[in-house]
S.K.: 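Okay, handing you the structure first.
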Amino acid sequence: MQNEKSNSAVAGAQSGNFIRNIVEQDVSNNKNDGQVHTRFPPEPNGYLHIGHAKSICLNFGLASDFSGLCNLRFDDTNPSKEDVEYVDSIQSNVKWLGFDWEDRLYYASDYFEKLYDYAVRLIKKGKAYVCSLSVDEIKKYRGSRTEPGQNSPYRDRSVEENLDLFERMRTGVFEDGDHVLRAKIDMASPNLNMRDPAIYRIKKDNHHRTGNKWCIYPMYDFTHCLSDSIEGITHSICTLEFEDHRPLYDWVLDELETPCHPQQIEFARLNISYTVLSKRKLLKLVEEGHVNGWDDPRMPTISGMRRRGFSASSIRNFCDRIGVGKREGTVDLALLEFSVREDLNNTSPRVMAVLKPVKVVIDNYPEGRSEELEGPYHPEDASMGFRKLPFSKTLYIEQDDFMEDPPKKFFRLSPGREVRLRYAYFITCTDVIKDESGNITEIHCTYDPATRGGDAPDGRKVKATMHWVSAEHAIKAEVRLYDRLFSELNPESSNDGDYTACLNPDSLKVLTDCYLEPSLAGAKPESRYQFERLGYFCVDSRDSKDDTPVFNRTVTLRDSWAKITKQKVLRQEQNVQKKKKKQDTISFK
RNA sequence: UGGGCGAUCGUCCAACGGCAGGACAACGGACUCUGACUCCGUCAAUCUAGGUUCGAAUCCUAGUCGCCCAACCA
């Protein structure tokens with residue numbers, strides 16, 4: 001696996017979690033013969049997101065740390081929501097994240113026949129019955145949180161009748177909703193899940209794998225525990241909302257003679273600030289066109305993050321760092337950003353790109369001449385090699401790198417000031433040319449030929465080093481600047497839960513007039529670079545073409561200058577408000 | 001108003017009866033041909049009230065607050 005170094009570095013910093021402690025203890029007590037066997041059990045009804053990555057890392061990670069195994073199992077018991085597109089994307093995502101289920105790819109639908117037999121056994125034991133109440137009636141009979149439920153009038157059907165009915169449910173003589181098979185437990189249980197839960201329903205839907213072979217499908221609570229048991233799972237790890245289901249999980253396995261009885265353990269699902277993590281909510285973003293599909297680089301899906309430029313190891317490191325607990329919390333988006341920067345800083349070649357260009361003319365550089373300079377791909381990793389950087393009379397620099405009337409702390413280019421062009425020359429601004437409306441169209445400079453390569457032989461210093469490209473040699477490109485999808489820290493709890501009301505209008509800015517250094521010609525889809533001083537960028541896998549490259553910004557570099565600017569703006573706003581308050585007070589008097 | 005679960009720096013996770021620790025964030029500094037990286041430093045927490053104990057974040061009791069549960073979804 002690549003980046004083992006960074007992973008183990010994180011593993012060293014990370015300490016145990018409560019699930020690991022349980023597993024550790026089980027192994028040392030020789031429970032399950034000291035074996036550890038986990039599984040990642042997605043329903044193929046949507047794309048995987050970073051929250052699933054947490055579960056994947058947990059399940060596969062635990063297995064590998066204890067020399068155990070982890071299965072990939074599709075929990076595909078609801079044909080009306082599931083699709084092969086999702087099955088395919090999930091497999092490719094798990095693989096890409098760096099995990100291997102080897103030959104243990106399973107589907108709950110593989111067990112339909114076995115599950116049916118288990119249901120029959122339950123009926124024979126008098127522990128399940130066919131109920132012919134309607135959905136609404138079942139609801140009424142269930143009672144409420146404070147009141148016990150009532151027994152269904154069909155609860156005491158004979159075993160023979162139940163067997164006959166259940167068999168005919170399977171053959172398709174009934175319509176959807178006519179009957180369900182229910183576990184016979186306790187209609188007065190304080191746990192609603194134990195009030196004779198439905199375990200089989202009629203659904204005349206085409207299943208993505210079994211086609212029209214079945215018209216009855218087992219419910220989650222019946223399927224999951226038995227699937228775990230069939231696969232010999234030792235630790236069945238799931239999220240907190242299934243805590244109330246554990247008694248049912250255990251009940252089914254206790255009532256039936258099964259290969260083993262796995263232990264269900266629940267942990268808190270992942271929340272990230274400025275982000276929505278639920279397949280249902282993400283599906284809505286896709287369906288309503290707020291984003292361009294499941295793999296839109298703004299989506300917290302594995303596919304989206306991959307396209308955005310996240311590396312698999314950065315996601316794995318993030319998952320290690322956030323830990324595993326039972327407390328529902330929200331992880332700071334900054335931690336995710338830190339994790340990508342940390343990884344990409346080590347692995348990305350440096351290049352120069354000018355995103356918002358302004359023309360610079362070097363007046364004392366000979367017309368028509370050009371030369372090749374050289375820069376390392378990584379200042380701290382010589383093994384990445386060097387690339388050529390053509391230099392000529394006309395260049396582009398970043399608009400933000402020039403100010404005609406700079407504030408004190410700004411030390412980039414301004415009239416009369418000398419700065420360094422990275423790996424090239426010192427230049428001094430001599431003149432600024434503007435159009436009628438006052439926009440700067442051209443900056444004129446002189447260069448010092450003695451500073452070739454970027455160092456002054458006389459030892460004089462400059463305060464700033466700037467990136468640049470040669471106008472005639474640069475490659476034109478489209479660059480997509482991504483920012484957080486939501487402007488609220490917790491999109492789900494604001495605006496009465498309508499998270500689409502706080503979509504960030506600036507989550508995507510498309511820049512079509514960008515210039516890249518020529519070494520970027522033919523950059524492969526998904527390859528990642530650091531555009532020096534700007535951020536990490538990745539060749540878009542979908543829209544980039546050789547003649548019209550498209551780059552996605554994964555994340556900006558940390559930027560203390562931007563921070564200073566932001567603070568200044570904030571302070572100004574505060575001052576304005578203070579003044580206003582003062583005035584209000586005065587006028588009130 | 002029944003049941004289940006949870007509560008530790010701003011955020012996330014540790015500490016399993018014995019010095020509350022790490023990471024991110026924030027702040028300050030050093031370094032710098034990226035205002036990046038790196039390095040150093042600073043700030044900062046046990047929900048409340050009782051109890052057990054030589055000793056409590058940890059155990060007990062009561063309370064407070066938060067999350068989940070009444071799909072023929074998973």
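Computed from a prediction, not measured in an experiment: that's the story for all the values here. Below, chain A is the first sequence line, B the second, and so on; all start at residue 1.
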S.K.: For RNA chain B, what is the dot-bracket line, given that a base pair needs Watson-Crick (N1 to N3, plus N6-O4 or O6-N4) or G-U wobble (N1-O2 and O6-N3) geometry with both distances under 3.5 Å, and | means paired with another strand?
M.R.: .((((((..((((....[..)))).(((((.......)))))....(((((..]....))))))))))).....
S.K.: Answer yes or no: does a side-chain N or O of A/Arg195 lie under 4.0 Å from OP1 or OP2 of B/rA70?
M.R.: no
S.K.: Considering residues at least two apart in sequence or located in another chain, which fulfil the side chain to side chain donor-acceptor pair (under 3.5 Å) criterion with A/Gln25?
M.R.: none
S.K.: Indicate, with yes or no, if the rings of A/Phe112 and A/His207 have centres closer together than 6.0 Å.
M.R.: yes
S.K.: Say you pick atom C1' in B/rA20 and the same atom in B/rA56; how far apart are they, in whole Å?
M.R.: 12 Å
S.K.: As a test of the definition: with a 90° window around 0 for syn, would you call B/rA71 syn or anti?
M.R.: syn
S.K.: Specify the separation, in whole Å, of atom NZ of A/Lys463 and atom P of B/rG35.
M.R.: 12 Å
S.K.: From CD of A/Glu328 over to C1' of B/rC67, roughly how many Å is that when rounded to an integer?
M.R.: 6 Å
S.K.: Parallel, tilted or perpendicular: which fits the ring planes of A/Phe242 and A/Tyr220, with parallel below 30° and perpendicular above 60°?
M.R.: tilted
S.K.: For A/Tyr200, which residues count as a ring pair (Phe, Tyr, Trp, His ring centres under 6.0 Å) partner, sequence neighbours excluded?
M.R.: A/Phe166, A/Phe222
S.K.: Under a 3.5 Å threshold, yes or no: a donor from one side chain and an acceptor from the other, between A/Glu85 and A/Tyr47?
M.R.: yes
S.K.: Rounded to whole angstrom units, what separation is found between the CZ atom of A/Arg350 and the P atom of B/rA36?
M.R.: 13 Å
S.K.: Please report the distance, rounded to the nearest Å, between CG in A/Asn345 and P in B/rU32.
M.R.: 18 Å
S.K.: Across the strands shown, which category fits A/Gly454 at heavy-atom distances under 4.0 angstrom: base, sugar-phosphate, nothing?
M.R.: base
S.K.: Using the P atom in both, what is the distance from B/rU61 to B/rC5, to the nearest Å?
M.R.: 13 Å
S.K.: Could you give the NZ-to-C1' distance, from A/Lys326 to B/rG66, as a whole number of Å?
M.R.: 15 Å
S.K.: A/Tyr529 has an atom OH; how far is it from atom P of B/rA36, in whole Å?
M.R.: 25 Å
S.K.: Less than 4.5 Å apart, any side-chain heavy atom of A/Lys463 and any of A/Arg417?
M.R.: no
S.K.: Scan A/Thr330 against the nucleic acid and name what it touches under 4.0 Å (heavy atoms): base, sugar-phosphate only, or nothing.
M.R.: sugar-phosphate
S.K.: Can you label the angle between the A/Trp561 ring and the A/Phe410 ring as parallel, tilted or perpendicular, going by 30° and 60°?
M.R.: perpendicular
S.K.: Categorize A/Tyr217 for me: base, sugar-phosphate, or nothing, with a 4.0 angstrom heavy-atom threshold over every strand shown.
M.R.: nothing
S.K.: Could you write out each protein N or O paired with an N or O of nucleotides 24-31 of chain B at a distance under 3.5 Å?
M.R.:
residue	atom	partner	partner atom	Å
B/rA26	OP1	A/Lys563	NZ	3.4
B/rC27	OP1	A/Gln567	NE2	2.8

S.K.: With RNA chain B as reference, determine whether A/Asn191 or A/Asn21 sits nearer its 5' end, using the nearest nucleotide of each.
M.R.: A/Asn191
S.K.: Under 4.0 Å, heavy atoms only, any strand: does A/Val462 hit a base, just the sugar-phosphate, or nothing?
M.R.: nothing
S.K.: In whole angstroms, how far is the P atom of B/rG35 from the CG atom of A/Leu413?
M.R.: 14 Å
S.K.: Just how far, in rounded Å, is C1' of B/rA14 from CG of A/Asn17?
M.R.: 10 Å
S.K.: Salt bridge check, A/Glu231 against A/Arg39: does any charged N sit closer than 4.0 Å to a carboxylate O?
M.R.: no
S.K.: Identify which one of A/Ile22, A/Val23, A/Val324, A/Asn59 satisfies the side-chain contact (heavy atoms from CB on, under 4.5 Å) criterion when paired with A/Ile237.
M.R.: A/Asn59
S.K.: Thinking salt bridges, do A/Arg412 and A/Asp400 make one under a 4.0 Å N-O criterion?
M.R.: no
S.K.: Roughly how many Å apart are B/rC9 and B/rG41, using the P atom of each and rounding to a whole number?
M.R.: 24 Å
S.K.: Once you apply a heavy-atom cut-off of 4.0 Å, does A/Pro247 come out as touching a base, just sugar-phosphate, or nothing?
M.R.: nothing
S.K.: When the P atoms of B/rG63 and B/rG2 are compared, how many Å lie between them, rounded to an integer?
M.R.: 12 Å
S.K.: Output yes when A/Asp76 and A/Arg209 qualify as a salt bridge under the 4.0 Å nitrogen-oxygen rule, no when they do not.
M.R.: no
S.K.: Determine the interplanar angle of the A/Tyr106 and A/Tyr111 rings, folded into 0 to 90°, and report it as parallel if under 30°, tilted if 30 to 60°, perpendicular if over 60°.
M.R.: tilted
S.K.: Using the P atom as the point on both nucleotides, what is the distance between B/rA23 and B/rC40, in whole Å?
M.R.: 10 Å
S.K.: Applying ring pair (Phe, Tyr, Trp, His ring centres under 6.0 Å), can you list everything that pairs with A/Phe310, at least two apart in sequence or on another chain?
M.R.: none
S.K.: Suppose you measure atom C1' in B/rG17 against the same atom in B/rU53; what distance do you get, rounded to whole Å?
M.R.: 9 Å
S.K.: What is the nucleic acid contact for A/Arg412, judged by heavy atoms within less than 4.0 Å: base, sugar-phosphate only, or nothing?
M.R.: base
S.K.: Assess whether a salt bridge exists between A/Lys388 and A/Glu374, defined as any Lys/Arg side-chain N lying under 4.0 Å from an Asp/Glu carboxylate O.
M.R.: yes
S.K.: Determine the interatomic distance between P on B/rA30 and the same-named atom on B/rG18; round to the nearest Å.
M.R.: 43 Å
S.K.: Would you mind classifying the nucleic acid contact of A/Ser144 as base, sugar-phosphate or nothing, using non-hydrogen atoms under 4.0 angstrom?
M.R.: base
S.K.: Record whether the side chain of A/Glu380 comes under 3.5 Å of the base of B/rU38 through a donor-acceptor pair of N or O atoms.
M.R.: no
S.K.: Find which nucleotide of RNA chain B each of A/Phe18 and A/Tyr536 is nearest to by heavy atoms, and output the residue with the more 5' nucleotide.
M.R.: A/Phe18
S.K.: Are any protein N/O atoms closer than 3.5 Å to N/O atoms in nucleotides 71-74 of chain B? If there are, list each pair with its distance.
M.R.:
residue	atom	partner	partner atom	Å
B/rA71	OP2	A/Arg142	NH2	3.3
B/rC72	OP2	A/Arg142	NH1	3.4
B/rC72	N4	A/Leu133	O	3.1
B/rC72	N4	A/Val135	N	3.4
B/rC72	N4	A/Gly177	O	3.0
B/rC73	OP2	A/Arg201	NE	2.9
B/rC73	OP2	A/Arg201	NH2	2.7
B/rC73	O3'	A/Arg201	NH2	3.1
B/rC73	O2'	A/Asn78	ND2	2.9
B/rA74	OP1	A/Thr77	OG1	2.6
B/rA74	OP1	A/Arg201	NH1	3.3
B/rA74	OP1	A/Arg201	NH2	3.0
B/rA74	OP2	A/Tyr220	N	2.9
B/rA74	O3'	A/Asp75	OD2	3.2
B/rA74	N6	A/His245	NE2	3.2

S.K.: Counting any heavy atom closer than 4.0 Å, what does A/Glu266 reach on the DNA or RNA strands: base, sugar-phosphate only, or nothing?
M.R.: nothing
S.K.: P atom, B/rG10 versus B/rC19: distance in rounded Å?
M.R.: 22 Å
